[in-house]
2 protein chains.
Amino acid sequence: MTPITIYDIAKEANVSVSTVSRVLNDTAPVRASTREKVMAIIEKHQFQPNALARSLIKKETGTIAIILPDITNPFFPEVFWGAENEARDKGYTFFLCNTGGDHSRESEYLTILREKRVDGIIFLGGRINLQHCPEEMAQELIEAGKHLPIVLVNGNIAKSGLHRIYTDEAAGAVLATQHLLDLGHREIAFVGGLKEMATTMVKVKAIQKKLKEHGLEIPKERLMLGDFSIDSGKEQMARLLEQQNPPTAVICVNDYTAIGAIKATIEHGLSIPGDISIVGYDDTPLASAVIPELTTVSQNTYQLGKLAVDLLHDLIGGGKTKKQTALQPELIVRQSTGPARR
Amino acid sequence: MTPITIYDIAKEANVSVSTVSRVLNDTAPVRASTREKVMAIIEKHQFQPNALARSLIKKETGTIAIILPDITNPFFPEVFWGAENEARDKGYTFFLCNTGGDHSRESEYLTILREKRVDGIIFLGGRINLQHCPEEMAQELIEAGKHLPIVLVNGNIAKSGLHRIYTDEAAGAVLATQHLLDLGHREIAFVGGLKEMATTMVKVKAIQKKLKEHGLEIPKERLMLGDFSIDSGKEQMARLLEQQNPPTAVICVNDYTAIGAIKATIEHGLSIPGDISIVGYDDTPLASAVIPELTTVSQNTYQLGKLAVDLLHDLIGGGKTKKQTALQPELIVRQSTGPARR
DNA sequence: GATGTTGATGAAATCCGTTTCATCGGTGTC
DNA sequence: GACACCGATGAAACGGATTTCATCAACATC
């Protein structure tokens with residue numbers, strides 16, 4: 001019943017464990033006849049070396065982890081997909097740690113992962129995307145970073161020296177804004193997102209700055225913050241449409257809220273983009289699935305995950321790498337935006 | 001640099017490693033003063049016990065894994081969410097193994113996970129959902145099942161004796177069929193899904209059986225198989241609409257294909273449900289996000305994941321549990337279905 | 001006062017691999 | 001023929017925890 005070990009193999013083959021180990025890892029020459037004899041017995045017993053014992057002495061586990069807020073939000077599976085594909089090619093297995101946006105759960109996982117001696121951690125969103133990350137939380141990451149490679153994705157810890165990779169969200173917001181301006185929109189609103197998250201406020205600020213160049217702005221009553229869900233987008237949009245003077249275009253913090261916004265708009269009997277233009281963010285699979293198809297900003301999500309693993313792998317290998325990598329976003333124009341009505 | 005060990009702690013505290021271990025695990029009485037002295041030093045050094053060493057001797061890793069086909073399909077994150085939440089409560093960390101539907105990758109992961117000595121595996125979809133699982137693939141799972149607990153979710157390996165939990169897809173298909181019949185539909189089609197997967201054919205068969213009771217059937221030309229993607233649903237639906245005598249209602253293999261079907265229908269200038277009724281399957285978040293909102297069959301996805309972990313946990317604990325558990329589906333009627341046009 | 005029990009602790013074995021070091025026979029070189 | 005070197009192999013240390021067993025003091029019991 002108990003799994004068989006390298007010793008069992010050695011005994012049955014009348015060789016030492018060292019020799020079995022050499023056969024297994026091809027780490028030193030073994031006489032062909034010996035090798036075959038050992039291999040036959042390994043095969044026969046379906047022997048599977050204990051990775052724990054191996055990792056214990058080699059000080060590497062072939063395991064990495066990703067900590068992220070919400071796997072049910074389609075942005076994250078896409079990142080994970082890119083990351084996992086790349087990781088498998090490089091010989092890693094992936095822990096997926098879903099925190100639900102709960103920072104204490106991030107801490108728990110950080111501890112567990114270090115105890116499990118993962119080779120590296122990808123930290124995606126969560127506390128590193130906070131507008132103001134509490135000192136204590138930041139410190140925890142910095143401390144962890146001293147003991148194992150960490151890559152921050154879409155976020156930052158100031159002066160931490162931690163490596164990071166992110167999509168330039170300000171640039172993306174500018175693309176969206178410029179697109180709407182080009183279409184003649186002047187009355188623009190923003191929908192969705194927690195105000196304490198950078199992913200929300202970076203976009204808002206970039207939009208405001210761009211608008212200001214044209215003597216425009218998003219007034220307070222058109223800055224509708226909530227969270228990142230479909231329902232929130234729908235609710236914020238509904239409130240916007242009930243105002244005296246609704247905007248002609250809306251930029252949403254992500255695709256989920258944009259879809260909510262579309263629903264609210266249609267339920268109000270308005271047409272898209274005839275009456276109102278809507279722009280999403282992330283270019284998740286949903287964007288092209290809804291009707292009308294969503295104009296949105298692509299972050300090249302798959303690539304983001306892939307590059308994060310590449311970077312982590314380099315760090316694990318001890319190589320020197322750029323501290324920061326920014327991915328440039330791209331505007332995907334579909335059906336949800338059109339000329340401003342007069 | 002090298003992480004500090006229990007020996008370092010012991011030496012600095014002037015006690016034996018056994019005592020430190022006792023403090024750590026509370027496995028035997030330790031004098032209060034000793035405990036405090038040790039704890040202080042542990043705290044001071046931020047000592048984190050090596051889980052590899054611990055697992056090696058305790059023969060349990062506190063790690064489980066899930067092998068699934070495609071994390072970017074919204075059905076799977078939902079299952080994972082339920083599973084992960086439950087697992088964390090029970091003290092497990094989760095490996096997520098995404099196979100892309102590639103059976104050889106399933107095999108690779110099976111090997112790796114066994115070497116890493118995971119406490120158990122949840123196998124979701126993939127080869128176990130095949131209409132005819134090749135003997136060799138089945139054998140591999142059966143063999144693995146002899147060495148560690150395995151729970152099959154939404155699938156089966158005949159006569160394997162492996163525990164499983166699944167949603168009664170035949171029942172769900174019958175619900176959808178009955179719903180359409182009640183609305184007066186007689187011309188019904190089926191869209192999407194790989195024909196070699198059980199999740200496709202179980203539904204088809206259940207629908208055919210139900211229709212037969214009413215002297216009806218889905219003729220060959222209305223059985224449109226493809227894969228599980230939005231694009232495939234769109235393509236199959238388009239082909240259906242080009243036929244001489246299009247159906248008045250369509251049941252889709254999942255929500256993704258249903259969304260594709262909706263798109264094709266609208267692009268054809270038809271209205272939903274005025275001209276055509278469409279039913280999805282899975283009740284993913286998308287179902288209520290699209291317009292019109294999708295009538296679909298809920299599998300209680302979160303629960304599926306949660307129960308899978310509960311079952312796995314029981315197996316790991318060596319308890320006796322039911323070999324099979326079936327979850328009953330539920331029809332969620334929204335806007336995409338209505339009375340048949342005359 | 002002898003014996004038994006409990007509390008507190010340490011020494012050493014154990015888990016299962018990898019790796020260093022040593023040994024030994026055989027071959028090539030001067 | 002002496003020496004160096006290489007191929008093939010084994011013995012033993014090591015990694016970092018847990019756990020069994022032994023020891024010893026203090027205290028309770030009769």
Side-chain angles (χ1 to χ4, degrees), chain A residues 1-39 41-42 45-63 111-112 114-119 147-148, chain B residues 1-39 41-42 45-63 111-112 114-119 147-148:
Chain A
M1 280 310 88
T2 58
I4 69 166
T5 73
I6 201 174
Y7 288 89
D8 303 325
I9 303 293
K11 184 186 283 180
E12 190 167 337
N14 271 316
V15 296
S16 71
V17 292
S18 338
T19 299
V20 177
S21 177
R22 286 175 191 121
V23 170
L24 241 31
N25 302 292
D26 208 30
T27 161
V30 175
R31 199 194 307 154
S33 63
T34 311
R35 153 167 283 115
E36 279 161 34
K37 184 175 56 177
V38 172
M39 284 301 277
I41 295 174
I42 287 177
H45 289 69
Q46 299 256 49
F47 167 63
Q48 301 203 294
N50 187 324
L52 297 171
R54 169 180 295 167
S55 298
L56 183 57
I57 194 159
K58 296 194 73 169
K59 291 171 181 313
E60 61 180 43
T61 54
T63 299
T111 303
I112 292 174
R114 282 180 60 188
E115 290 187 353
K116 290 197 193 293
R117 298 297 192 262
V118 297
D119 291 339
H147 298 279
L148 82 175
Chain B
M1 278 306 91
T2 58
I4 69 167
T5 74
I6 200 172
Y7 289 90
D8 303 326
I9 302 293
K11 185 186 283 179
E12 191 167 335
N14 271 315
V15 298
S16 70
V17 291
S18 337
T19 299
V20 177
S21 177
R22 284 175 193 123
V23 170
L24 241 30
N25 301 291
D26 208 30
T27 162
V30 176
R31 200 194 307 153
S33 63
T34 311
R35 152 167 282 116
E36 279 161 34
K37 183 175 58 178
V38 171
M39 284 301 277
I41 296 176
I42 287 177
H45 289 67
Q46 299 254 51
F47 166 65
Q48 300 202 296
N50 187 323
L52 298 171
R54 167 180 296 166
S55 298
L56 182 57
I57 193 159
K58 295 194 69 168
K59 293 174 179 313
E60 61 181 42
T61 55
T63 299
T111 302
I112 292 174
R114 282 181 58 186
E115 291 187 354
K116 290 197 193 292
R117 298 297 193 263
V118 297
D119 292 338
H147 299 279
L148 81 175

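Each chain gets a letter, A, B and so on, in the order the sequences are listed, and its residues count up from 1.
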Whole angstrom is fine here: how far is it from NZ in B:Lys11 over to C1' in D:dG16? 14 Å
Got a sec? Which of residues 51-58 of chain B come in under 4.0 Å of DNA chain C, heavy atoms? B:Leu56, B:Ile57
Would B:His147 and A:Gln46 count as having a side-chain donor-acceptor pair, cut-off 3.5 Å? no
Length of the line joining A:Asn25:CG and C:dT19:C1', which is rounded to integer Å: 11 Å
Distance-only criterion, 3.5 Å: show the donor-acceptor pairs between side-chain atoms of residues 49-59 of chain A and protein atoms not counting sequence neighbours.
{"unit_1": "A:Asn50", "atom_1": "OD1", "unit_2": "A:Leu52", "atom_2": "N", "d": "2.7"}
{"unit_1": "A:Asn50", "atom_1": "OD1", "unit_2": "A:Ala53", "atom_2": "N", "d": "3.3"}
{"unit_1": "A:Ser55", "atom_1": "OG", "unit_2": "A:Ala51", "atom_2": "O", "d": "2.8"}
{"unit_1": "A:Ser55", "atom_1": "OG", "unit_2": "A:Glu60", "atom_2": "O", "d": "3.2"}

Separation of B:Lys59 atom NZ from D:dA17 atom P, in whole Å? 18 Å
Donor-acceptor contact below 3.5 Å, side chain B:Thr63 vs main chain B:Thr61: yes
Length of the line joining A:Tyr7:OH and C:dT18:P, which is rounded to integer Å: 10 Å
So which protein N/O to nucleotides 7-10 of chain D N/O distances come out below 3.5 Å?
{"unit_1": "D:dT9", "atom_1": "OP1", "unit_2": "A:Thr34", "atom_2": "OG1", "d": "2.6"}
{"unit_1": "D:dT9", "atom_1": "OP2", "unit_2": "A:Arg31", "atom_2": "N", "d": "2.9"}
{"unit_1": "D:dG10", "atom_1": "OP2", "unit_2": "A:Ser16", "atom_2": "N", "d": "2.7"}
{"unit_1": "D:dG10", "atom_1": "OP2", "unit_2": "A:Ser16", "atom_2": "OG", "d": "3.0"}
{"unit_1": "D:dG10", "atom_1": "OP2", "unit_2": "A:Thr19", "atom_2": "OG1", "d": "2.6"}
{"unit_1": "D:dG10", "atom_1": "N7", "unit_2": "A:Arg22", "atom_2": "NH1", "d": "3.4"}
{"unit_1": "D:dG10", "atom_1": "O6", "unit_2": "A:Arg22", "atom_2": "NH2", "d": "2.7"}

Nearest-Å distance for atom pair CZ/P, residues A:Arg117 and D:dG16: 8 Å
So do A:Thr5 and A:Val17 actually touch side chain to side chain, heavy atoms under 4.5 Å? no
Once you round it to whole Å, what is the distance between P of C:dC15 and NZ of B:Lys116? 23 Å
Can you tell me how far the CD atom of B:Glu12 sits from the CG atom of B:Asp8, to the nearest 0.5 Å? 8.5 Å
Separation of A:Phe47 CZ from A:Ile6 CD1 (nearest 0.5 Å): 5.5 Å
Calculate, to the nearest 0.5 Å, the distance between atoms NZ and CD1 belonging to A:Lys37 and A:Ile9 respectively. 12.5 Å
I'd like to check A:Pro3 versus B:Arg114 (side-chain heavy atoms, cut-off strictly below 4.5 Å). Are they in contact? no
Does the side chain of A:Thr19 come within less than 4.5 Å of A:Arg22's, by heavy atoms? yes
If you look at every strand shown and take non-hydrogen atoms under 4.0 Å, does B:Thr5 touch a base, only sugar-phosphate, or nothing? sugar-phosphate
In whole angstrom, give the distance that lies between atom CG of B:Asn50 and atom P of D:dC14. 17 Å
Which whole-number value in Å describes the distance from B:Glu60 CD to D:dA17 C1'? 13 Å
